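As structure tokens, the structure follows; a few thoughts come after it.
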Amino acid sequence: YSEGEKMIVEINGKKLESNIKFPKHDIKSFIFSIAKYSHKKIDKKAPKLETELRDFKFYLNLGENLENPSFKAERLK
């Protein structure tokens, strides 16, 4: 998920577009929160993080120079 895009939800292999959008500062805040709660660090020097938290696997990316943050979350089975 990236700023300005509608969030895509995948259920049973089927991708569905939602009506959810996040501003860039909210995406960054979410990324830092997930890193903090999973006891890992993400920053400008290490802008990508893959972590698990509460039955989800998160792929977090702050983007180059913190300009284009994005994330992906998958429910673990």
Side-chain angles (χ1 to χ4, degrees):
Y1 178 81
S2 298
E3 180 185 38
E5 297 177 4
K6 290 184 178 179
M7 187 174 285
I8 303 296
V9 179
E10 187 173 331
I11 301 172
N12 297 326
K14 190 174 185 180
K15 292 183 180 183
L16 306 170
E17 187 177 275
S18 73
N19 61 352
I20 300 170
K21 290 185 180 183
F22 286 105
K24 187 185 297 186
H25 67 276
D26 286 344
I27 296 173
K28 284 183 192 177
S29 178
F30 177 77
I31 288 171
F32 283 117
S33 293
I34 294 297
K36 177 183 173 183
Y37 288 119
S38 61
H39 306 287
K40 301 208 175 163
K41 185 177 178 182
I42 189 167
D43 57 23
K44 192 174 182 177
K45 291 181 182 178
K48 293 183 181 182
L49 176 64
E50 191 175 305
T51 189
E52 293 180 12
L53 181 67
R54 295 187 180 178
D55 297 330
F56 285 91
K57 186 166 194 169
F58 291 93
Y59 302 89
L60 310 171
N61 186 349
L62 288 173
E64 190 173 323
N65 296 317
L66 310 177
E67 288 299 314
N68 296 306
S70 62
F71 70 90
K72 179 179 179 180
E74 294 178 353
R75 183 179 297 268
L76 297 172
K77 296 182 181 185

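Each residue takes its place number in the sequence, starting with 1. Nothing here was measured: the structure is a model prediction, and the numbers come from that model.
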If every non-hydrogen atom of Val9 is compared with every non-hydrogen atom of Ser18, which pair is closest and at what distance? CG2-CB, 4.4 Å
Pro69 versus Lys28, closest heavy-atom pair with distance: CG-CG, 3.8 Å
Please list, one pair per line, the donor and acceptor atoms closer than 3.5 Å that link side chains of residues 42-59 to other protein atoms, with sequence neighbours excluded.
residue	atom	partner	partner atom	Å
Asp43	OD1	Lys45	N	3.1
Asp43	OD1	Ala46	N	2.8
Glu50	OE2	Lys57	NZ	3.1
Thr51	OG1	Ser38	OG	3.2

Plane angle bin for Phe22 and Phe30 - parallel if under 30°, tilted between 30 and 60°, otherwise perpendicular: parallel
For a quick test of reading the model, state the closest non-hydrogen atom pair linking Ile31 to Asn61 and the distance between them. CD1-O, 3.6 Å
Are the side chain of Ser29 and the backbone N or O of His25 linked by a donor-acceptor pair below 3.5 Å? no
